[in-house]
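Notes to accompany the following structure.
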Protein chains: 2
Amino acid sequence: MGRVSDAKERLLEAAKGLIWEQSYGAVTVDAICRRAKVQKGSFYHFFDDKSELAVASLEADWQARQPVLAEIFSRNHPPLDRLQNFFEHVYQCQKKLQKECGYVLGCPLFNLGSEVCTRDEKIRKKVLALVKGYIRYFESAIRDAQEEGSVAGDNAGLKARWLFSYFEGALTQARIENDASSLRSLGAVALHLLDAKLAMAA
Amino acid sequence: MGRVSDAKERLLEAAKGLIWEQSYGAVTVDAICRRAKVQKGSFYHFFDDKSELAVASLEADWQARQPVLAEIFSRNHPPLDRLQNFFEHVYQCQKKLQKECGYVLGCPLFNLGSEVCTRDEKIRKKVLALVKGYIRYFESAIRDAQEEGSVAGDNAGLKARWLFSYFEGALTQARIENDASSLRSLGAVALHLLDAKLAMAA
DNA sequence: ATCATTGTTGACCACTTGGACAAGAAACTA
DNA sequence: TAGTTTCTTGTCCAAGTGGTCAACAATGAT
């Protein structure tokens with residue numbers, strides 16, 4: 001088996017944190033190693049370069065979030081509740097970030113994706129794959145809502161994309177403003193956008 | 001008067017283009033100078049550093065866009081038409097970018113803003129100021145629409161922010177996907193989001 | 001115990017980076 | 001014409017960059 005170590009996990013965690021707090025381009029390999037308490041030699045033992053680490057860190061983060069997402073979007077909950085709970089969850093996360101690290105950081109996927117998409121095809125592809133994952137959660141909730149009649153129409157795929165765009169736009173704006181308060185109404189606006197029967201109730 | 005030159009304008013233009021196509025962090029002072037065909041010494045004659053150039057370039061770009069924006073959002077046009085025309089204009093711009101440079105570039109303000117907002121307060125402030133400019137255009141159109149009865153409610157400020165979030169989210173997603181086609185329905189979704197009386201007509 | 005595997009260390013390198021600078025060139029002014 | 005201001009040029013530098021490497025250390029297998 002050889003020597004064991006959690007250096008790889010520490011690198012993934014450090015990269016995720018630094019890139020989210022700053023940006024992909026602003027974070028150097030040295031800085032990642034410093035935060036992970038790992039020598040640069042070890043870095044290159046585990047990863048070819050920063051780009052590969054970023055992709056791995058996106059995947060690790062996605063995997064780590066699965067339990068929470070699966071619970072929130074579980075079919076045990078009424079479809080519109082799933083969305084409301086998801087948005088509330090995001091709002092709480094961003095508020096917590098603001099309190100703990102001083103910044104509303106927005107969405108790590110979109111931050112990174114929009115930064116490097118014209119220059120790093122691998123990261124771009126990975127971001128797109130994970131974005132699709134989120135949209136599928138949205139879509140299934142919307143479809144179920146449409147089937148039970150709490151949302152109009154039968155275009156769940158389209159509406160999921162609209163909603164996701166609004167969601168990401170709001171997150172990015174919150175990041176730039178460094179103010180999470182506008183995210184409180186994410187769920188209410190979502191109902192509006194979806195043409196929900198109980199619109200503006202929440 | 002001393003020696004005259006358009007090097008400053010060339011630098012502004014080069015910076016705008018490079019940062020938009022790539023990202024703030026990926027663009028070096030050398031690269032900007034190369035594209036602008038200006039020596040580095042001249043760069044530092046006009047600007048203190050890259051950050052200051054970026055701010056100046058945002059401002060120059062905003063000024064240059066004013067005539068078009070003023071016309072689109074002129075009170076001569078019916079309020080909902082203003083929004084429809086604006087979104088159509090953006091769609092055409094992004095399609096043109098895709099054709100001419102190979103990439104859908106999204107919004108220069110949000111791209112830059114979300115990248116540097118935690119590390120460069122001056123750029124962040126400038127981005128916020130210009131964002132506010134766009135939202136004010138939205139708000140005035142929405143308010144006029146509400147007054148003439150084509151949009152429900154009296155919360156123009158709020159709705160302008162919702163719409164802007166959706167708009168920016170869609171732009172960023174188009175950038176990451178490198179596909180402008182989803183921006184075609186910007187206007188239609190906007191009517192939906194605003195609770196417009198003639199929703200989905202366009 | 002020895003051995004292959006796997007992870008660690010820190011020195012090392014070529015290259016790029018932002019930025020300073022002094023000398024010169026172009027324009028306008030007196 | 002001489003002088004002043006503004007812009008240009010090319011060189012130079014210290015610091016930081018991504019990335020390599022060979023020697024070393026821990027682990028489990030035989």
Side-chain angles (χ1 to χ4, degrees), chain A residues 1-58 60 112 115-116 118-124 126, chain B residues 1-58 60 112 115-116 118-124 126:
Chain A
M1 255 301 145
R3 195 167 175 171
V4 297
S5 151
D6 62 340
K8 192 170 180 176
E9 285 67 39
R10 295 208 308 277
L11 284 168
L12 290 168
E13 189 61 27
K16 170 191 149 187
L18 283 172
I19 293 173
W20 201 10
E21 289 162 22
Q22 304 179 23
S23 71
Y24 182 77
V27 172
T28 66
V29 173
D30 282 294
I32 296 172
C33 290
R34 237 176 293 134
R35 178 179 291 202
K37 295 202 172 72
V38 157
Q39 295 300 112
K40 208 158 33 165
S42 290
F43 178 102
Y44 287 102
H45 174 71
F46 291 108
F47 302 99
D48 283 345
D49 51 29
K50 196 172 68 165
S51 170
E52 197 200 305
L53 169 62
V55 170
S57 131
L58 286 177
L112 176 55
E115 181 183 350
V116 307
T118 63
R119 287 167 304 126
D120 191 312
E121 190 63 13
K122 285 191 181 172
I123 294 182
R124 180 178 157 263
K126 188 71 197 177
Chain B
M1 255 296 149
R3 194 168 173 171
V4 297
S5 150
D6 63 343
K8 192 170 180 176
E9 284 66 38
R10 294 207 310 274
L11 284 169
L12 290 169
E13 189 60 28
K16 170 192 150 187
L18 282 173
I19 293 173
W20 202 10
E21 289 161 22
Q22 305 180 20
S23 71
Y24 182 78
V27 172
T28 65
V29 173
D30 282 293
I32 296 172
C33 290
R34 236 176 293 133
R35 179 179 289 203
K37 295 202 171 70
V38 156
Q39 294 302 109
K40 207 156 38 164
S42 290
F43 177 103
Y44 287 104
H45 173 71
F46 291 109
F47 302 99
D48 283 345
D49 50 29
K50 195 170 69 166
S51 170
E52 198 201 305
L53 168 61
V55 170
S57 129
L58 286 177
L112 176 55
E115 181 183 350
V116 307
T118 64
R119 287 168 305 124
D120 191 312
E121 190 63 13
K122 284 190 181 171
I123 294 182
R124 180 177 157 265
K126 188 71 198 178

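Everything numeric in this text was worked out from a predicted model, so none of it was measured. Every chain is numbered from 1, with letters handed out A, B, ... down the list of sequences.
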Minimum heavy-atom distance between Ala14(A) and Ile32(A), given as atom pair plus value: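 Closest heavy-atom pair between Ala14(A) and Ile32(A): CB-O, 3.8 Å.
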query: How close do Tyr24(B) and Glu115(B) get, heavy atom to heavy atom, and via which atoms?
result: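 Looking at all heavy atoms of both residues, the closest pair is N-OE1, 2.9 Å.
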- prompt: Under 4.0 Å between a side-chain N or O of Gln39(A) and OP1 or OP2 of dT8(C)?
  reply: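 The answer is no; no side-chain N or O of Gln39(A) sits under 4.0 Å from OP1 or OP2.
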Of residues 3-23 of chain B, the positions that come close to DNA chain D - non-hydrogen atoms, cut-off under 4.0 Å: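 Heavy-atom cutoff 4.0 Å gives Arg3(B), Ser5(B), Ala7(B).
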- request: Output yes when Glu13(B) and Arg10(B) qualify as a salt bridge under the 4.0 Å nitrogen-oxygen rule, no when they do not.
  value: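 Here Glu13(B) does not pair with Arg10(B) in a salt bridge, since their nearest N and O are not under 4.0 Å apart.
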field: Phe43(B) vs Gly2(B), nearer the 5' end of DNA chain D by closest nucleotide
entry: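 On the 5' side of the pair lies Gly2(B).
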query: Between Ala31(A) and His45(B), who's closer to the 5' end of DNA chain D by nearest nucleotide?
result: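 Per heavy-atom nearest nucleotide, the more 5' residue is His45(B).
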task: Taking only the side-chain heavy atoms of Lys40(B) (C-beta and beyond), determine which of dG18(C), dT8(C), dG18(D) contains the nearest atom.
output: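 Of the options given, the side chain of Lys40(B) lies nearest dG18(C).
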message: Rounded to whole Å, how long is the line connecting atom OH of Tyr24(A) with atom C1' of dT17(D)?
response: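 Atom OH in Tyr24(A) sits about 14 Å away from atom C1' in dT17(D).
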- prompt: Atom CG of Asp30(B) and atom P of dG10(D): how far apart are they, to the nearest Å?
  reply: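 Atom CG in Asp30(B) sits about 14 Å away from atom P in dG10(D).
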message: Under 4.0 Å, heavy atoms only, any strand: does Phe46(B) hit a base, just the sugar-phosphate, or nothing?
response: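 It contacts sugar-phosphate atoms only.
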message: Regarding Lys50(B), tell me which of base, sugar-phosphate or nothing describes its non-hydrogen contacts under 4.0 Å with the strands shown.
response: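 No contact.
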- request: Not counting sequence neighbours, list each pair that qualifies as a salt bridge (charged side-chain N to carboxylate O under 4.0 Å, His left out) and has a residue in residues 31-46 of chain A.
  value: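 Those involving residues 31-46 of chain A are Glu21(A)-Arg35(A), Asp30(A)-Lys40(A).
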query: Under 3.5 Å, side chain of Lys50(A) to main-chain N/O of Val27(A), donor-acceptor pair present?
result: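 Checked: pair present.
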- request: Decide yes or no for Val116(B) and Ser23(A): does some side-chain heavy atom of the first lie under 4.5 Å from some side-chain heavy atom of the second?
  value: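 A side-chain contact is absent here, since even the closest heavy-atom pair is not under 4.5 Å.
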